[in-house]
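Structure first, commentary second.
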Amino acid sequence: MEGGLGQNSVPSSSSFDKSTVLDVKPLRCMLPIFPMSSQGPSSGQYPSGFAPFFPFGGPQESHAWTDPDQDTPPSGVTLNVPMPTPLRSFRSPIASTPPKHRALRGSSSRSSKRKTQQSQESLMDLSSVVGISPAQRADGNREVVNLVLMEFDALRRRISQLADAGEFVSGVTKRGDLKSGNVLMTAGIRTNMNKRVGAVPGVEIGDIFFFRMELCVVGLHAQSMGGIDSLTIKDGLEEEPLAVSIVSSYEYDDHADDDDVLIYSGQSGNFGKRDRVACDQKLQGGNLALERSSRRHNEVRVIRGMKDTANPSAKIYVYDGLYKIQDSWIEKGKHGSVVFKYKLVRMPRQRSAFSVWKSVEKWKTDSSSRTGLILSDLSSGAESVPVPLVNDVDHERLPGGFTYFHSLRYPKPVSLMQSSNGCNCTKPCVPGDLNCSCIRRNEGDLPYTGNGILVSRKSLVHECGPTCRCFPNCKNRVSQMGLKHAFEVFKTSDRGWGLRSWDPIRAGSFISEYAGEVIDKGNLHQNEELAMKDEHAFNTNQIYPPFKWNHTPQLLEEVSSNDSSEDYDIPSPLVISAKECGNVARFMNHSCSPNVFWQPVVYEENNQSFLHIAFFSLKHIPPMTELTYDYGVSHSDRAEGSGIPSGRKKCLCGSSKCRGSFG
DNA sequence: GCCTACTCACTTCC
DNA sequence: CGGAAGTGAGTAGG
């Protein structure tokens with residue numbers, strides 16, 4: 001803010017509408033001197049048309065908050081001296097490997113200013129490594145948004161993995177979400193830094209997020225904790241704040257009966273805060289911005305915080321599009337203090353997002369309320385969760401006959417190529433325990449985070465299997481624990497049957513394995529030919545376009561970066577036919593911009609190791625979004641000229657990156 | 001440019 | 001499972 005105007009005036013009061021302010025009492029917080037007068041705003045709703053807000057509340061009051069005894073520390077001393085972090089107790093009995101990983105880069109230490117600066121500069125270089133230009137940092141698009149989110153979660157997963165393994169040095173084991181966000185922000189791996197009113201390029205209505213930092217790095221909502229984000233506009237000489245986005249939380253009693261309406265409470269007032277005395281909210285900061293936005297009728301982005309049913313202590317954020325503030329008033333909160341209320345109404349002709357969640361809620365309590373329901377469980381109980389079959393586009397009743405089976409069937413006993421009998425752990429396997437043969441095969445890592453999220457793509461993931469002695473609750477059995485989401489098989493408008501989920505899916509989640517009969521004619525060529533003819537075949541020997549999913553190692557100062565290849569490395573080619581028998585995976589369609597990828601997984605059964613194909617989510621997937629993976633390109637058909645080579649299908653994925661055909 | 005206050009986080013521990 | 005407490009990060013404003 002410029003300091004040149006009116007030296008004696010309080011800066012933010014320059015925008016006051018004085019005609020309004022003169023005849024009202026200020027709204028105050030913790031007011032020992034000016035108790036709320038009886039003429040002050042009363043509780044209850046104001047009649048519409050009456051301007052309920054009183055622009056007041058400037059910095060002149062703020063001294064009431066400051067504690068004169070609170071002194072700033074002498075220069076040169078910082079309050080944020082990193083404390084040594086004790087080893088987590090559950091790790092201590094394990095002989096852990098010496099830490100091969102160093103502290104995170106980024107601005108975690110404030111003790112050395114210059115060092116931080118250098119670190120920032122070198123991190124800035126990295127944004128080009130990741131592929132973000134300065135222009136893209138300012139204004140994004142779908143591709144950049146996806147790239148930034150991918151990098152965020154990859155880094156967060158890796159930090160989580162290191163924390164699980166107890167491999168961090170000083171004090172950075174907690175809050176991988178904040179740390180990852182901080183590193184990315186420092187490195188310039190972010191987008192839409194230009195604050196704006198209205199839509200954010202590259203962020204689509206319905207997109208879901210699992211951390212507030214994700215909203216920050218894509219520029220949807222720049223406050224890491226604050227619920228109201230605003231920008232300051234210049235209107236002549238006046239500056240005024242406008243709200244650009246809000247985050248609503250179910251904890252805040254924000255609900256309305258209509259899915260397109262949101263009743264939002266203003267910020268501060270210690271509403272619902274522990275250990276604090278509730279007090280009146282003031283018309284400043286975010287509240288003032290909302291009030292200004294209500295007068296100017298500008299669009300406000302709404303992000304709804306939802307309870308994550310899979311993990312009740314966590315939250316999921318749903319971008320629900322643009323709203324306008326239709327009404328605002330003052331209420332008395334539970335403790336008798338003043339609370340600002342805003343009624344936001346969703347703008348018409350936007351694709352549905354939050355309302356989809358509400359529909360799913362209904363279907364979950366009563367699946368017959370799902371329109372177009374044909375079968376309540378296509379798996380006939382083979383899965384622990386029912387798999388509904390739905391068609392609300394035409395009259396086709398059933399996908400072609402097949403038997404539901406959840407895993408692989410081998411046509412004949414497999415020759416004993418290599419005999420092995422799994423690990424001998426007498427408890428759940430732990431990362432870093434090189435006595436565990438499974439962990440050792442994974443280069444000392446547990447490939448999954450504690451909640452079963454795949455950390456990195458690997459050439460091959462070694463899971464513990466039925467032959468392993470470790471506890472069945474070992475974290476290294478993710479692909480064997482069955483479906484974790486409420487999937488539905490549905491009829492698409494133009495690509496036959498497809499698969500989607502009623503539940504939100506976070507990046508790296510296990511979707512399903514590719515079940516079916518293993519084709520083994522003893523001859524690679526014959527297997528390939530069968531695979532070509534079989535619409536429901538999965539063939540590891542296709543050419544799969546490479547893509548990056550793992551974190552950028554340079555963003556972490558890892559001495560020996562566990563920079564494993566993202567290329568597949570399969571012991572021997574595998575062809576699986578799901579024509580006669582299979583599971584939900586046989587319904588996944590192809591896309592050139594998929595949201596699911598496959599990962600070879602191997603584990604031991606009956607003293608032999610078997611290869612399986614496991615699918616994981618590539619990114620966060622909102623409910624009711626079709627699940628797709630890249631079918632790859634057949635060797636025999638590659639490098640053909642124009643047109644669609646025989647044996648391939650015209651691609652209808654609609655992606656901007658579409659190759660035109662697949663198979 | 002540094003510092004501090006403010007905030008509808010998130011995890012872990014009990 | 002529910003609540004409490006601790007440890008946090010970006011941004012605005014001084």
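Each chain gets a letter, A, B and so on, in the order its sequence line appears, and its residues count up from 1.
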Do A:Glu291 and A:Ser328 meet the criterion of a side-chain donor-acceptor pair at a distance under 3.5 Å?
no
Side chains of A:Ser265 and A:Lys341: is there a donor and an acceptor less than 3.5 Å apart?
yes
Would you kindly give the [atom1]-to-[atom2] distance between [X] and [N], to the nearest whole Å?
{"X": "A:Leu178", "N": "B:dT12", "atom1": "CG", "atom2": "C1'", "value": "14 Å"}
{"X": "A:Leu231", "N": "C:dG13", "atom1": "CG", "atom2": "P", "value": "11 Å"}
{"X": "A:Asp177", "N": "C:dG6", "atom1": "CG", "atom2": "P", "value": "19 Å"}
{"X": "A:Phe152", "N": "C:dA9", "atom1": "CZ", "atom2": "P", "value": "12 Å"}
{"X": "A:Lys282", "N": "B:dT7", "atom1": "NZ", "atom2": "C1'", "value": "14 Å"}
{"X": "A:Phe340", "N": "B:dC8", "atom1": "CZ", "atom2": "P", "value": "14 Å"}
{"X": "A:Lys315", "N": "B:dC8", "atom1": "NZ", "atom2": "C1'", "value": "6 Å"}
{"X": "A:Leu290", "N": "B:dT7", "atom1": "CG", "atom2": "P", "value": "14 Å"}

Would one find a side-chain N or O of [X] under 4.0 angstrom from OP1 or OP2 of [N]?
{"X": "A:Lys195", "N": "C:dA12", "answer": "yes"}
{"X": "A:Lys179", "N": "C:dA9", "answer": "yes"}
{"X": "A:Tyr342", "N": "B:dC8", "answer": "no"}
{"X": "A:Tyr317", "N": "B:dC8", "answer": "no"}
{"X": "A:Asn182", "N": "C:dG8", "answer": "no"}

Taking the side chain as C-beta and beyond, is there a heavy-atom pair between [X] and [Y] under 4.5 Å?
{"X": "A:Val217", "Y": "A:Glu151", "result": "no"}
{"X": "A:Arg157", "Y": "A:His551", "result": "no"}
{"X": "A:Val455", "Y": "A:Ser160", "result": "no"}

Within a reach of under 6.0 Å around NZ of A:Lys364, are more than 12 heavy atoms found that belong to other residues, nucleotides or ligands?
yes
Intermediate values then yes/no, salt bridge (Lys or Arg N to Asp or Glu O under 4.0 Å), A:Arg304 and A:Asp320
CA-CA 7 Å; A:Arg304 295 194 184 239; A:Asp320 199 35; 3.4 Å; yes
On DNA chain B, more 5' by nearest nucleotide between A:Arg156 and A:Ile228 is A:Ile228
Base, sugar-phosphate, or nothing for A:Asp229, non-hydrogen atoms under 4.0 angstrom?
nothing
A:Pro312 or A:Gly181: which one's nearest nucleotide on DNA chain C is closer to the 5' end?
A:Pro312
Is there a donor and acceptor pair, one atom on the side chain of A:Arg175 and one on the base of B:dA9, closer than 3.5 Å?
yes
Which ones in residues 203-227 of chain A lie close to DNA chain B, meaning a heavy atom under 4.0 Å from one of its atoms?
A:Phe211, A:Arg212, A:Met225, A:Gly226, A:Gly227
Can you list the residues that meet the side chain to side chain donor-acceptor pair (under 3.5 Å) rule with A:Asn298, with sequence neighbours excluded?
A:Ser293
Let me know which of A:Arg292, A:Lys234, A:Arg295 forms a salt bridge (charged side-chain N to carboxylate O under 4.0 Å, His left out) with A:Glu240.
A:Arg292
A:Leu555, A:Leu556, A:Thr552 screened by side-chain contact (heavy atoms from CB on, under 4.5 Å) with A:Val183, the one that passes
A:Leu555
Starting at the 5' end of DNA chain B, write a dot or bracket for each base, bracketing those in Watson-Crick or G-U wobble pairs whose two distances are under 3.5 Å and using | for partners on another strand.
.||||||.||||||
